[in-house]
Engineer: 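Okay, handing you the structure first.
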Amino acid sequence: QVQLVESGGGLVQPGGSLRLSCAASGSIFSINHMGWYRQAPGKQRELVATITSGGSTNYADSLKGRFTISTDNSKNTVYLQMNSLRPEDTAVYYCRSGVYISPRGPLYRYWGQGTQVTVSS
């Protein structure tokens with residue numbers, strides 16, 4: 001009922017920047033939070049950053065200062081600005097959203113399909 005579509009991934013050189021986007025669509029009453037996770041080959045999926053509907057943000061400690069999460073609430077879109085990229089940032093980046101589809105219903109969580117980010121010289 002709710003779809004998350006990611007875009008903006010690609011191949012960049014070390015030190016470069018990328019901006020990922022994730023647009024949520026469907027029968028959304030309100031968004032509780034949105035976030036980004038990533039999974040590198042042979043590793044577990046890990047938190048990158050989250051942002052609540054009130055604007056509170058959380059970042060993985062190792063990524064603070066390089067990555068910035070933000071939203072455009074009018075478009076139900078979350079962004080991830082990634083600067084000073086390093087080869088170890090190479091991973092599939094997944095968008096996640098926690099949404100309410102009715103005024104008093106439960107919270108539903110959705111994952112996007114993922115977008116590949118490759119940092120290589």
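Numbers here simply count residues along the sequence, with the first being 1. These values consider heavy atoms only, across backbone and side chains, with no hydrogens, waters or symmetry-generated copies.
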Engineer: Sequence neighbours left out, what passes side chain to side chain donor-acceptor pair (under 3.5 Å) with Gln3? Give chain and number order.
Structural biologist: none

Engineer: Minimum heavy-atom separation for Ala40 and Ala91, please, with both atom names.
Structural biologist: N-CB, 3.8 Å

Engineer: Which heavy atom of Gly9 sits nearest to which heavy atom of Leu20, and what is that distance?
Structural biologist: N-CD2, 3.6 Å

Engineer: Passes side-chain contact (heavy atoms from CB on, under 4.5 Å), Ser121 versus Gln13? Steps please.
Structural biologist: CA-CA 5 Å; Ser121 60; Gln13 294 186 331; 5.6 Å; no

Engineer: Apply salt bridge (Lys or Arg N to Asp or Glu O under 4.0 Å) to Arg66 and list each qualifying residue two or more places apart in sequence or on a separate chain.
Structural biologist: Asp89

Engineer: Applying the 4.5 Å side-chain criterion to the ILVMFWY set and letting contacts propagate, would Val92 and Met34 be lumped into a single cluster?
Structural biologist: no

Engineer: Is there side-chain contact between Ser25 and Val5, with heavy atoms separated by less than 4.5 Å?
Structural biologist: no

Engineer: According to disulfide bond (SG atoms under 2.5 Å apart), does anything in residues 67-121 pair up with another residue at least two apart or in another chain? List the pairs.
Structural biologist: Cys22-Cys95

Engineer: Going by ring pair (Phe, Tyr, Trp, His ring centres under 6.0 Å), name the pairs with one or both residues in residues 77-97, residues two or more places apart or in two chains.
Structural biologist: none

Engineer: Using atom types as modelled, flag every donor-acceptor pair under 3.5 Å from a side chain in residues 42-50 to any protein atom, sequence neighbours excluded.
Structural biologist:
unit_1, atom_1, unit_2, atom_2, d
Glu46, OE2, Arg38, NE, 2.8
Glu46, OE2, Arg38, NH2, 3.3

Engineer: Going through the distances and angles, do Ser97 and Ile31 end up as a side-chain contact (heavy atoms from CB on, under 4.5 Å)?
Structural biologist: CA-CA 7 Å; Ser97 181; Ile31 295 177; 4.1 Å; yes

Engineer: Which heavy atom in Gly114 sits nearest to a heavy atom in Glu6, and how many Å separate them?
Structural biologist: N-OE1, 2.8 Å

Engineer: Between Val12 and Ser17, what is the shortest heavy-atom contact and its length?
Structural biologist: CG1-O, 4.0 Å

Engineer: Minimum heavy-atom separation for Leu85 and Leu18, please, with both atom names.
Structural biologist: CD1-N, 3.9 Å

Engineer: Per the ring pair (Phe, Tyr, Trp, His ring centres under 6.0 Å) rule, what does the pair list look like for residues 33-68, sequence neighbours excluded?
Structural biologist: Tyr37-Trp111

Engineer: Do other residues, nucleotides or ligands put more than 12 heavy atoms under 6.0 Å from the CD atom of Gln39?
Structural biologist: yes

Engineer: Minimum heavy-atom separation for Ile51 and Ser70, please, with both atom names.
Structural biologist: CD1-CA, 4.2 Å

Engineer: Could you tell me which residues satisfy side chain to side chain donor-acceptor pair (under 3.5 Å) with Arg19, sequence neighbours excluded, listed by chain and number?
Structural biologist: none

Engineer: Enumerate the residue pairs fulfilling salt bridge (Lys or Arg N to Asp or Glu O under 4.0 Å) with a member in residues 96-110, sequence neighbours excluded, ordered by first and then second residue.
Structural biologist: none

Engineer: First locate atom CD1 of Ile101, then atom CD1 of Ile28, and finally report the distance between them rounded to the nearest 0.5 Å.
Structural biologist: 10.0 Å

Engineer: Distance-only, no hydrogens or angles: does the Thr71 side chain make a donor-acceptor pair with backbone N or O of Asn73 under 3.5 Å?
Structural biologist: no

Engineer: Tell me, please, which residues at least two apart from Ser56 pass side chain to side chain donor-acceptor pair (under 3.5 Å).
Structural biologist: none

Engineer: With sequence neighbours left out, which residue pairs that include part of residues 51-94 fulfil the disulfide bond (SG atoms under 2.5 Å apart) condition?
Structural biologist: none

Engineer: Rest of the hydrophobic cluster containing Leu11 (Ile/Leu/Val/Met/Phe/Trp/Tyr, side-chain heavy atoms under 4.5 Å)?
Structural biologist: none

Engineer: Please enumerate all residues that pass side-chain contact (heavy atoms from CB on, under 4.5 Å) together with Ser30, with sequence neighbours excluded.
Structural biologist: Tyr100

Engineer: Is the closest side-chain heavy-atom distance between Gln113 and Leu4 below 4.5 Å?
Structural biologist: no

